[in-house]
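Read through the structure below, which is laid out as structure tokens, and then see the notes.
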Number of protein chains: 2
Amino acid sequence: MAVDRRRLILDAATKSFSMFGFKATTMDRVAKLANVGKGTIYTFFTNKEELFEEIVSTLVKEMIAQAEATIRPDKSFSENVQQVLAKLLEFRTTHVLMIKLLQEEKEIGTPAVLDMLNHIEDEIISYLKSKIDAATQKGYIIQNDSEITSFLLLKTYVSLVSDWERNHEPLSSEQIANIIKFYLMKGLSS
Amino acid sequence: MAVDRRRLILDAATKSFSMFGFKATTMDRVAKLANVGKGTIYTFFTNKEELFEEIVSTLVKEMIAQAEATIRPDKSFSENVQQVLAKLLEFRTTHVLMIKLLQEEKEIGTPAVLDMLNHIEDEIISYLKSKIDAATQKGYIIQNDSEITSFLLLKTYVSLVSDWERNHEPLSSEQIANIIKFYLMKGLSS
DNA sequence: CCTCTGACTAAAAATCAAATTTGGTCACTT
DNA sequence: AAGTGACCAAATTTGATTTTTAGTCAGAGG
């Protein structure tokens with residue numbers, strides 16, 4: 001096997017999705033970029049959506065791996081939650097594909113992109129939930145419903161980072177950390 | 001003055017906005033409904049937006065009056081917050097104009113409507129803030145920043161009522177009340 | 001006078017057919 | 001068997017044409 005065509009296609013598609021978004025990325029362009037016949041793409045992926053899905057799936061793994069890497073077992077649960085949220089949210093502003101997806105969703109409202117963003121949100125909540133469940137198990141926090149807690153954690157974080165800016169000066173990460181600690185963590189501390 | 005033409009126009013426009021939304025309401029239709037020449041509308045309102053604004057402004061006043069009416073001085077601050085939020089959110093599902101605006105924003109994305117919804121949100125937050133400030137003054141709660149508190153209260157409430165339903169069974173008002181109390185109120189209690 | 005009107009206009013939006021683009025296939029090459 | 005690109009039906013874009021609409025204003029009516 002001289003060249004991994006599947007890899008070539010994934011790399012080319014990732015580049016194109018990042019630069020032009022989902023809608024403006026054509027299968028012809030991906031084929032050209034990957035130096036591959038268009039038909040070859042369809043031997044690895046059943047359609048454009050599935051190709052997109054695989055790439056987003058990798059993106060999510062990358063996100064969670066980076067978040068996971070920030071965890072410091074010597075720090076408190078509350079501080080680690082901060083770290084993880086901060087890292088996850090950083091993706092919004094640094095990762096090119098993520099930026100493009102958020103922009104495409106807002107400006108064009110491509111349905112496939114909305115689906116993916118919802119999917120990403122679900123994955124993040126599910127990851128947070130696993131962390132919260134583990135912390136509950138170990139008695140670090142008290143807990144009613146970890147699903148609701150993770151849901152609210154993410155929603156609150158996103159609100160403070162993006163919605164807040166419509167009417168106010170942006171909040172620093174430190175301010176956000178304090179707010180989350182003040183409102184959401186007090187209820188959880190045992 | 002036999003008939004209050006301004007009133008006729010406002011009533012007709014309110015009906016039309018409620019039935020057809022902002023975009024599909026034409027000034028001709030409003031004039032017809034109000035039994036008034038089209039030119040007459042422009043003697044009271046400089047343009048369609050301003051007419052709309054006045055109607056939404058009335059809607060907001062109505063909302064806040066209804067919320068205010070649910071306040072029971074003999075109940076706790078926390079319970080009253082619940083009551084007020086519940087009442088405000090009830091508007092989303094009962095008031096015909098509100099329903100139409102939310103639907104138009106989601107489906108067509110009319111910019112003038114988005115502006116109005118943002119405006120409504122701001123008014124609600126400002127109202128909540130005034131209540132929180134009063135409660136802080138009286139020593140019922142402790143408080144860092146009432147602006148952030150009201151912002152988070154509303155955002156959390158809306159998330160629980162609408163976003164939550166994408167993946168879960170809707171929450172009952174009682175459940176929502178408990179969640180808000182558990183997460184947001186503990187930090188506030190003195 | 002002064003209020004009110006609806007025919008009028010310029011600009012925006014909807015319509016529709018033709019032209020172009022695009023996702024996906026498959027007969028053929030290597 | 002793996003890979004390709006010409007090909008096709010379906011979707012999208014274009015642009016010229018028609019229709020609708022916000023806003024105006026000359027004049028009717030009281």
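Note on naming: letters A, B, ... go to the chains in the order of the sequence lines (proteins, then strands), and numbering restarts at 1 for each one.
A/Ile41 has its CD1 atom 17 Å from the P atom of C/dC26, to the nearest Å. Distance CZ (A/Arg6) to P (D/dG3): 13 Å, rounded to an integer number of Å. For the pair B/Met27 CE and D/dA22 P, the interatomic distance rounds to 7 Å; values are reported in whole Å. A/Phe44 places its CZ atom 17 Å from the C1' atom of C/dT25, with the value rounded to the nearest Å.
Counting any heavy atom pair closer than 4.0 Å across all strands shown, A/Thr46 reaches no nucleic acid atom. Using a 4.0 Å heavy-atom cutoff across all strands shown, B/Thr26 reaches sugar-phosphate atoms only and no base atom.
Distance from the side chain of B/Lys38 is smallest for C/dA7 among the nucleotides C/dA7, D/dT21, D/dT4. Comparing C/dA14, C/dG23, D/dG23 by their nearest atom to the side chain of B/Lys23 picks out C/dA14. Checking D/dT4, C/dT5, D/dA22 against every side-chain atom of A/Thr40, the shortest atom distance belongs to D/dT4.
A close approach under 4.0 Å does occur between a side-chain nitrogen or oxygen of A/Arg5 and OP1 or OP2 of D/dG3.
A salt bridge links A/Asp133 to A/Lys129: one of the charged nitrogens lies within less than 4.0 Å of a carboxylate oxygen.
On a pure distance criterion of 3.5 Å, no polar donor-acceptor pair joins the side chain of A/Lys48 and the base of C/dG24.
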